[in-house]
Amino acid sequence: MEKKKPVSQKKPTEYSFFADVFDVVRQIPKGRVTSYGAIASYLGTKLSARMVGWAMNAAHSVKPKVPAHRVVNRNGMLSGKAHFVPPSLMEEILLKEKVVVKNDVIVDFKNHFWDPAIELTLE
DNA sequence: GCATTGACGAAGG
DNA sequence: CCCTTCGCCAATG
């Protein structure tokens with residue numbers, strides 16, 4: 001059995017879109033959240049926000065666990081919470097991060113929003 | 001190899 | 001305001 005099999009197993013050391021997503025997500029500070037589109041836009045694939053979601057799908061298979069719980073859709077809704085184990089884990093972690101979640105939606109989402117295209121640009 | 005799906009997003013009705 | 005359609009790219013059937 002293989003240890004880890006990324007979606008695109010072209011080459012382990014090959015530059016992958018997924019790696020970029022993971023790298024950005026890991027840089028998300030606590031108490032902050034971002035959207036798939038924001039990450040995609042930062043990577044230049046803003047038209048393909050879905051791919052970011054796909055990367056998240058593999059995120060749990062990646063070594064340094066990616067805080068996918070800090071990534072939500074542009075509505076601030078925990079669209080991917082169903083992919084966590086248990087599904088309620090996502091909002092629980094966010095709550096620990098001082099991020100209030102109500103009705104599967106982050107309260108004051110824009111206030112917690114963390115845009116890599118801005119934060120990482122200012123450095 | 002074509003058709004469907006998907007943790008999205010924006011636009012249209 | 002709610003629902004539908006299109007676009008994007010990759011994976012899966």
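Chain letters run A, B, ... following the sequence lines, proteins first and then strands; every chain starts at 1.
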Is A/V21 reachable from A/I28 through a run of hydrophobic residues whose side-chain heavy atoms are each under 4.5 Å from the next?
yes
Straight-line distance of A/Y42 OH to A/I118 CD1, nearest 0.5 Å
12.0 Å
When all nucleic acid strands are considered with a 4.0 Å heavy-atom cut-off, which category describes A/A68: base, sugar-phosphate, or nothing?
base
Do A/H69 and A/V101 make a side-chain contact, defined as non-hydrogen atoms from C-beta onward lying under 4.5 Å apart?
no
Over how many whole Å does the gap from A/M51 atom CE to C/dT12 atom C1' extend?
13 Å
A/N57 has an atom CG; how far is it from atom P of C/dT12, in whole Å?
9 Å
Rounded to the nearest Å, what distance is computed from the CH2 atom of residue A/W54 to the C1' atom of nucleotide B/dT4?
12 Å
Within residues 74-85 of chain A, find the residues that approach DNA chain B with a heavy atom at under 4.0 Å, and present them sorted by residue number.
A/R74, A/S79, A/G80, A/H83, A/F84
For the student: nearest non-hydrogen atoms of A/N75 and A/V105, plus distance
O-CG1, 4.0 Å
Roughly how far, to the nearest 0.5 Å, is the CG atom of A/L95 from the CE atom of A/M90?
13.0 Å
Residues at least two apart in sequence or cross-chain that pass ring-ring contact (aromatic ring centres under 6.0 Å, His included) with A/F113, listed by chain then number, are A/F109
From CG of A/L47 over to C1' of B/dG9, roughly how many Å is that when rounded to an integer?
10 Å
Under the 3.5 Å rule, do the base of B/dG9 and the side chain of A/R50 count as making a donor-acceptor pair?
no
Starting from P on C/dC9, measure out to CD1 on A/I39 and report it in whole angstrom.
18 Å
Interatomic distance, CZ@A/R70 vs CD1@A/I106, rounded to 0.5 Å, equals 11.5 Å
What's the CZ-P distance between A/F18 and C/dC8, to the nearest Å?
18 Å
I need the CE-C1' distance between A/M56 and B/dG9, as an integer number of Å.
17 Å
Rounding to a whole Å, what distance do you find between A/K46:NZ and C/dC8:P?
12 Å
Going from NE2 on A/H83 to CG on A/L89, what distance comes out if it is rounded to the nearest 0.5 angstrom?
14.0 Å
Give the cluster check for A/F17 versus A/V25: same hydrophobic cluster or not, with ILVMFWY residues linked at side-chain heavy-atom distances below 4.5 Å.
yes
Could you work out the separation of B/dT4 and C/dT5 based on their P atoms and round it to a whole Å?
14 Å
Where along residues 28-37 of chain A does a heavy atom fall under 4.0 Å from DNA chain B?
A/S35, A/Y36, A/G37
